[in-house]
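Here's the structure we're looking at; comments come further down.
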Amino acid sequence: MRHPRLNCSSVLGLLAVSLLTTLAPVQADPVPKTPGHRLVPGYAGAPAEAAPLPGPPPPQHPYLAPNGSNGMHGDAAASDTHPYPGPLGADPEVTSRAMATLGGECATVTFDRAGRIITVCGTFTGFLVKLLDPKTLRTLAEYQLAQRPSTIEAITRLDLAKIFTDTSGGAYAYLDHKDRLVLADSRNHLLRLAHHQDEQGQWRFTVTDDWDLGAYAPAGCVSWTSLDPTGECDPVTSVVPDWDGRIWWVTRLGRIGNLDPDTGVVRTIRLDGEEIQNSFTAGPDALSIVSDHALYSLRAATDGTPQIIWRRGYDRGSAAKPGSVNQGSGTTPTLLGDEDNGYVAITDNADDRMNVLVHRRDGELVCAVPVFDSGRSTTDNSLIGWGNSLIVENNYGYANVTTLIGGRTVTGGAARIDIRADGSGCDTVWESPVRSPSTVAKLSTGNGLLYFYTKEPNALGIDAWYLTAVDFRTGEPRWKRLTGTGPLYDNNWAPITIGPDGSAYIGVFNGLVRVADRP
């Protein structure tokens, strides 16, 4: 097996890791800032007034926790909306918590019935499932998952890109209707974890179900005891339930399967020569999955076998762009409306300008809208969808936490695209210069604000990160609040999540940040 040679980018990455190790002692609290945070504005703008958005919410999935609290994209439609009113910018306070010596980023943030956070945090020693206090971010319980093969490869082959282009291992987890976290770990085991408080008042996680998918998704991956394995390594990327209760999963190398949790029966198909690096969505009628070649609609056949209803190829461009994980769409499909009059939307990877693509649920293309500047457009984050509106952000130029060190930033930009009421096409409503390098942005339908995680260029080399609120209706910025400075505050593809108490949570490289209006 070929071992990449140590090049300039690898050296930069290793120096950055060395720096981060120095800055982040074990169990540091809060996430440490680099010098310069007193030389940049702590707050800009003015508090917004809540203006809730009209319209029906996405349908509530019967096997998921309530919409807004069950996964990375908020709901089964991947609308990236939350019904809770987020912070309005009234003297917002910032709380942060470092979760590991190195790494610790908490990606998927979910909430149980009592509002406690259940999250998965990635560290260099393995992923941690954590139960957190939603205000202090204090750890109440944790469960250690296996270390990802990509981390071992990054260490042994001096290639950090292995980590930053790996979406497997539990990052795409979901909370089900019984407050159990469901994920696939790096061994390709499908797990359901419950949490409870014992007689002494201590919280604990318990594995209630453990299904080995190794016979269907080979896990012959690098490990500390096998640095040069000969078997196939095909990690599970994401898991999502359908409306009949089957648990579906996809792998990086194009395997699609589902498991009946009552019988343990697994059914699979494979998309030969195609990769799946994003999550997927589940409507009442079908699932939508995007590979690096095409958008698919699927449902289970009578015996449970995944069945392709339709396939629509798209312009995948000539190569992966800076700011994308692979050569293909970077978006989880977004569902709008219902199965009879609804749409499914993604972006493509066209060379000149990326397009927002909207299809009817039967696969018919409604529109392809080019966005952002020529030669400088890509996204690796899901579209936000509400009503007939879609929000897209530009991630062109971002690769990992070393990319923006020294006051650098990305081209940036966000746009709102609306599908016409008669379904005859789509129009650009507004464009914003907001620079959101890599976050999964969110919309609070409870107050009408979009939330981005932004970084502006800085001539002094200060890396200042902000939670920025933008008006959904007009695209105008309302306010921004400094969360911290330095690479430990880089969110590195993690989402913003609006909690039931109105707080905004941002996964950052070293842990989790909370922004909330001061009482």
Worksheet item: Where do Tyr63 and Asp242 land on the side chain to side chain donor-acceptor pair (under 3.5 Å) test, with the steps shown first?
Response: CA-CA 8 Å; Tyr63 291 93; Asp242 68 18; over 6 Å; no
Item to complete: Could you please spell out the steps behind the side chain to side chain donor-acceptor pair (under 3.5 Å) verdict for Ser503 and Arg514?
Response: CA-CA 7 Å; Ser503 302; Arg514 173 182 179 262; 3.0 Å; yes
Practice prompt. Could you please spell out the steps behind the side chain to side chain contact (heavy atoms under 4.5 Å, CB included) verdict for Val182 and Leu190?
Written response: CA-CA 7 Å; Val182 184; Leu190 183 58; 4.1 Å; yes
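- Taking the side chain as every heavy atom from C-beta outward, Val356 and Leu390 approach each other to under 4.5 Å.
- Judged by distance alone, the side chain of Arg361 and the main-chain N or O of Asp340 form no donor-acceptor pair under 3.5 Å.
- Tyr453 is listed as a side-chain neighbour of Val508, based on a closest heavy-atom distance under 4.5 Å.
- In this structure, Lys321 contributes its side chain and Ala350 its backbone to a donor-acceptor pair below 3.5 Å.
- Under the 4.5 Å side-chain criterion, counting only non-hydrogen atoms from C-beta, Leu271 is in contact with Tyr296.
- No side-chain N or O of Asn326 forms a donor-acceptor pair with one of Gln277 less than 3.5 Å apart.
- Looking only at distances, a side-chain donor or acceptor of Asn278 sits under 3.5 Å from a matching main-chain atom of Ser329.
- The distance from atom OH of Tyr314 to atom CG of Asp348, rounded to the nearest 0.5 Å, is 8.0 Å.
- Side-chain atoms of Thr378 and Asn395 include no donor-acceptor pair closer than 3.5 Å.
- Between Arg113 and His177, the shortest heavy-atom contact is NH2-O, 2.7 Å.
- Here CG of Leu145 is found 7.5 Å from CG of Leu128. Values are rounded to the nearest 0.5 Å.
- Within the model, atoms CG of Asn447 and OH of Tyr84 stand 14.0 Å from one another, a figure rounded to the nearest 0.5 Å.
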Worksheet item: What do the steps show when you test Asp176 against Lys178 for salt bridge (charged side-chain N to carboxylate O under 4.0 Å, His left out), and what is the final call?
Response: CA-CA 5 Å; Asp176 75 5; Lys178 296 183 178 180; over 6 Å; no
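- Side-chain atoms of Lys130 and Thr139, non-hydrogen and from C-beta on, do get closer than 4.5 Å to each other.
- In this structure, Tyr505 and Phe111 have tilted ring planes: the angle between them lies in the 30° to 60° band.
- Here OG1 of Thr251 is found 8.0 Å from CG of Asn188. Values are rounded to the nearest 0.5 Å.
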Item to complete: Given side chain to side chain contact (heavy atoms under 4.5 Å, CB included), test Asp418 with Arg416 step by step and report yes or no.
Response: CA-CA 7 Å; Asp418 276 15; Arg416 174 177 156 184; 2.9 Å; yes
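- Residue pairs satisfying the ring-ring contact (aromatic ring centres under 6.0 Å, His included) criterion with at least one member in residues 227-259, sequence neighbours excluded, are listed as follows: His61-Trp243.
- Using a 4.5 Å cut-off on side-chain heavy atoms (C-beta onward), Leu443 and Leu53 make contact.
- Considering only heavy atoms from C-beta on, Thr497 stays 4.5 Å or farther from Ile117 through its side chain.
- The pair Asp362-Arg360 fails the salt-bridge criterion, with no side-chain N (NZ, NE, NH1 or NH2) lying under 4.0 Å from an Asp/Glu carboxylate O.
- For the residue pair Ser279/Ser238, the side-chain donor-acceptor check at 3.5 Å is satisfied.
- Using a 4.0 Å cut-off between charged side-chain N and carboxylate O, Glu274 and Arg316 make no salt bridge.
- Proximity of a side-chain donor or acceptor of Arg116 to a complementary backbone N or O of Asp133 within less than 3.5 Å is not detected.
- Taking all atoms of both residues into account, the shortest heavy-atom contact from Leu335 to Ala282 is CD1-C, 4.2 Å.
- By the 4.0 Å N-to-carboxylate-O rule, Arg299 lies too far from Glu339 to be salt-bridged with it.
- Taking every heavy atom of both residues into account, Val236 and Ala217 meet most closely at CG2-CB, 4.3 Å.
- The two atoms that bring Thr379 and Met354 nearest to each other are N-SD, 3.4 Å, heavy atoms only.
- With rounding to the nearest 0.5 angstrom, the CG atom of Leu183 is 13.0 Å from the CZ atom of Arg180.
- Considering all non-hydrogen atoms of both residues, Asp80 and Ser382 come closest at OD2-OG, 2.8 Å.
- Judged purely by distance below 3.5 Å, without hydrogens or angles, the side chains of Ser438 and Asn491 pair a donor atom with an acceptor atom.
- Using a distance-only test at 3.5 Å, with no hydrogens or angles considered, no donor-acceptor pair links the side chain of Thr439 to the main chain of Phe452.
- Using a 4.0 Å cut-off between charged side-chain N and carboxylate O, Asp185 and Arg187 make a salt bridge.
- The line from CG of Asn349 to CG of Asp315 is 7.5 Å long, rounded to the nearest 0.5 Å.
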